[in-house]
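Below, read A as the first sequence line, B as the second, and so on, with proteins coming before strands; counting in each chain starts at 1. The figures here come from the full heavy-atom set of this structure, side chains too, leaving out hydrogens, waters and symmetry mates.
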Amino acid sequence: MEQPGGGSRSSGIELPEDGFEWKKYGQKFIKNISKLRAYYKCARAGCSVKKKVEWAESEPNNLRITYEGGQHIHNTTSQEAGPSRSGGSSSDANRYNLIIQAFGDHYPPS
DNA sequence: CGAATTTGACCAGCGC
DNA sequence: GCGCTGGTCAAATTCG
């Protein structure tokens with residue numbers, strides 16, 4: 001019905017590739033914000049970083065991504081997943097960069 | 001076959 | 001004290 005051809009159990013939401021691997025472990029509809037929220041966790045061993053994706057059922061194009069946990073501790077250098085490692089280390093800038101990459105440059109809205 | 005993903009249900013904390 | 005919500009886990013199913 002929803003997937004003629006290819007296979008895809010996705011809920012129909014396209015996540016922006018941030019350069020890391022994530023494992024989805026839950027999804028729920030939050031009435032408080034009238035939006036859907038998906039819970040992702042870093043798929044790397046030893047990395048307990050969590051990622052939350054929030055979007056409205058009417059606007060799957062408006063994704064709101066939030067990173068929790070701090071930073072990835074696995075070898076992003078040896079893996080093939082490196083966000084914007086253009087030189088400079090990162091900590092808070094890393095989180096902001098990822099969010100901006102998903103929103104464009106309007107975060108937070110406030 | 002292995003791996004990945006999805007859904008439902010349960011639990012805990014908080015507010016009034 | 002009770003109800004409600006959010007968050008996580010487990011199991012089942014499916015694809016390449």
Side-chain angles (χ1 to χ4, degrees):
Chain A
M1 295 181 252
E2 236 57 282
Q3 308 141 339
S8 256
R9 313 155 207 91
S10 292
S11 299
I13 306 302
E14 240 177 292
L15 291 154
E17 186 50 78
D18 55 6
F20 285 113
E21 281 183 44
W22 303 92
K23 188 209 148 167
K24 189 184 198 163
Y25 69 89
Q27 189 176 318
K28 266 194 102 175
F29 183 84
I30 311 302
K31 295 171 170 196
N32 274 353
I33 57 183
S34 241
K35 283 196 184 61
L36 266 159
R37 204 176 223 175
Y39 302 90
Y40 288 89
K41 198 170 113 212
C42 190
R44 290 294 159 211
C47 198
S48 58
V49 180
K50 287 189 232 164
K51 176 164 128 188
K52 294 182 181 174
V53 185
E54 198 174 298
W55 71 90
E57 230 204 67
S58 307
E59 284 273 3
N61 292 254
N62 277 40
L63 294 171
R64 182 178 166 168
I65 304 183
T66 310
Y67 290 85
E68 285 190 13
Q71 56 188 81
H72 298 272
I73 58 180
H74 51 87
N75 296 352
T76 52
T77 313
S78 229
Q79 307 271 331
E80 210 174 280
S84 47
R85 48 183 137 106
S86 0
S89 45
S90 31
S91 38
D92 276 298
N94 211 333
R95 165 147 73 161
Y96 202 69
N97 259 312
L98 286 154
I99 291 166
I100 288 175
Q101 191 189 134
F103 290 89
D105 63 53
H106 289 290
Y107 182 89
S110 174

Visitor: In whole angstroms, how far is the C1' atom of C/dT8 from the OH atom of A/Tyr39?
Guide: 9 Å
Visitor: Does any non-hydrogen side-chain atom of A/Ser11 lie less than 4.5 Å from one of A/Lys24?
Guide: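 A/Lys24 reaches A/Ser11 side chain to side chain.
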Visitor: Taking only side-chain N and O atoms of A/Arg37, does any of them lie within less than 4.0 angstrom of OP1 or OP2 on C/dG7?
Guide: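 Affirmative; the distance criterion is met.
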Visitor: Among B/dT7, C/dT5, C/dG7, which nucleotide sits nearest the side chain of A/Gln27?
Guide: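 Nearest listed nucleotide: B/dT7.
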Visitor: Working note: A/Glu54 + A/Arg37, criterion salt bridge (charged side-chain N to carboxylate O under 4.0 Å, His left out); need CA distance, chi angles, decisive distance, verdict.
Guide: CA-CA 4 Å; A/Glu54 198 174 298; A/Arg37 204 176 223 175; 3.1 Å; yes
Visitor: Whole angstroms only, please: what is the CG-C1' distance between A/Leu36 and C/dG6?
Guide: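 About 14 Å, once rounded to whole Å.
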Visitor: Starting from C1' on B/dT6, measure out to OH on A/Tyr40 and report it in whole angstrom.
Guide: 11 Å
Visitor: Please state how far atom CD1 in A/Ile30 lies from atom P in C/dG6, giving the value in whole angstrom units.
Guide: 4 Å
Visitor: Look at the side chain of A/Lys24 and decide which nucleotide, out of C/dT5, B/dT6, C/dC9, has an atom nearest to it.
Guide: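 Nearest to the side chain of A/Lys24 among the choices is B/dT6.
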Visitor: Compare every heavy atom of A/Tyr25 with every heavy atom of A/Lys50, then report the nearest pair and how far apart it is.
Guide: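 Minimum heavy-atom separation between A/Lys50 and A/Tyr25: CD-OH, 3.9 Å.
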Visitor: Could you state the NZ-P distance from A/Lys41 to B/dA3, rounded to the nearest angstrom?
Guide: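 Between P of B/dA3 and NZ of A/Lys41: 16 Å.
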Visitor: For A/Lys52, run the side chain to side chain contact (heavy atoms under 4.5 Å, CB included) check against A/Tyr39, A/Tyr40, A/Tyr67 and tell me which one passes.
Guide: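 Answer after filtering A/Tyr39, A/Tyr40, A/Tyr67: A/Tyr39.
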Visitor: Could you check A/Lys28 against A/Lys23 and say which one's nearest nucleotide on DNA chain B is further toward the 5' end?
Guide: A/Lys23
Visitor: Would you indicate, yes or no, if C/dT8 has its OP1 or OP2 atom less than 4.0 angstrom from a side-chain nitrogen or oxygen of A/Lys50?
Guide: yes
Visitor: Return the value, rounded to whole Å, for the distance between atom NZ of A/Lys51 and atom C1' of C/dG7.
Guide: 18 Å
Visitor: Can you find a side chain N or O atom of A/Lys52 that sits less than 4.0 Å from OP1 or OP2 on C/dG7?
Guide: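 It does, given that an N or O in the side chain of A/Lys52 lies less than 4.0 Å from OP1 or OP2 of C/dG7.
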Visitor: In this structure, how many angstroms lie between the P atom of B/dG8 and the CZ atom of A/Phe29, rounded?
Guide: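 Nearest whole value for this atom pair: 14 Å.
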